[in-house]
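Residue numbers count from 1 along this sequence.
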Amino acid sequence: MAADAAEIVAEIGEPVTWDGRTYPALVSDPAIGEDLGIGGFTGTGDFTVKIMRSALGDARPKLGEIIGFEGARYRITRITDHPRYPMVVLVVSPED
């Protein structure tokens with residue numbers, strides 16, 4: 001499974017930056033919605049970023065850290081890091 005995932009990421013991955021380094025990643029289309037905030041509804045959008053575990057080495061992103069993608073900055077809001085899965089999955093939202 002890891003070899004297949006690495007091949008897919010190499011073929012269609014997009015560059016994201018985290019902790020001063022650039023990683024190829026699978027990036028989903030943003031899910032757009034509205035949240036109720038002070039003064040009314042505000043637009044939100046979150047999406048997933050999947051980075052190969054082997055590319056990260058021993059380093060792991062943490063909640064609240066920033067990921068760069070297409071010139072914009074996004075905050076990590078959820079992380080799935082299961083040792084049997086070859087990718088670390090990050091859910092990110094626009095930086096406040």
Side-chain angles (χ1 to χ4, degrees):
M1 189 160 101
D4 291 340
E7 186 176 322
I8 291 168
V9 171
E11 186 174 323
I12 62 171
E14 300 180 73
V16 298
T17 56
W18 169 73
D19 199 30
R21 292 187 53 198
T22 300
Y23 299 90
L26 299 179
V27 180
S28 72
D29 290 330
I32 305 299
E34 287 187 332
D35 285 338
L36 183 59
I38 296 175
F41 286 95
T42 58
T44 63
D46 62 355
F47 55 95
T48 59
V49 175
K50 298 178 181 180
I51 302 173
M52 292 298 299
R53 178 183 306 285
S54 58
L56 291 170
D58 291 334
R60 291 293 182 270
K62 295 175 182 58
L63 290 176
E65 291 183 333
I66 300 297
I67 289 277
F69 176 64
E70 292 186 342
R73 292 167 48 99
Y74 299 91
R75 187 167 307 283
I76 300 169
T77 58
R78 283 186 279 165
I79 301 171
T80 302
D81 185 10
H82 193 283
R84 290 188 357 211
Y85 189 62
M87 295 180 175
V88 174
V89 180
L90 310 171
V91 176
V92 299
S93 296
E95 182 182 30
D96 295 334

key: Rounded distance (nearest 0.5 Å) linking atom CD1 of Ile51 with atom CD1 of Ile67   = 4.5 Å
ask   = Which pair of non-hydrogen atoms, one from Pro15 and one from Thr22, has the smallest distance, and what is that distance?
value = CB-CG2, 3.7 Å
key: Pairing residues for Arg73 by the side chain to side chain contact (heavy atoms under 4.5 Å, CB included) criterion, not counting sequence neighbours   = Ile66, Glu95
inquiry  = Given 3.5 Å as the limit, does a donor-acceptor pair link the side chain of Arg53 with the main chain of His82, or not?
reply    = yes
query = Hey, is the main chain of Thr48 close enough, under 3.5 Å, to the side chain of Ser28 for a donor-acceptor pair?
reply = yes
message = I'd like to check the side chain to side chain contact (heavy atoms under 4.5 Å, CB included) partners of Glu65; sequence neighbours left out, ordered by chain and number.
response = Trp18, Pro61, Lys62, Ile76
Closest non-hydrogen atom pair between Ala25 and Val16, with its separation = CB-CG2, 3.8 Å
ask   = Side chains of Phe69 and Val27: does their closest heavy-atom pair fall under 4.5 Å?
value = yes
query = Got a second to check how far Lys50's NZ is from Thr80's OG1, nearest 0.5 Å?
reply = 9.5 Å
key: Min side-chain heavy-atom separation Arg60-Ile79 under 4.5 Å   = no
note = In this structure, CG of Asp46 is separated from CZ of Arg78 (nearest 0.5 Å) by 6.5 Å
task = Mark yes or no for whether Thr77, through its side chain, and Val91, through its backbone, hold a donor-acceptor pair below 3.5 Å.
result = yes
key: Aromatic ring pairing Tyr74/Phe47, orientation class (parallel under 30°, perpendicular over 60°, tilted between)   = perpendicular
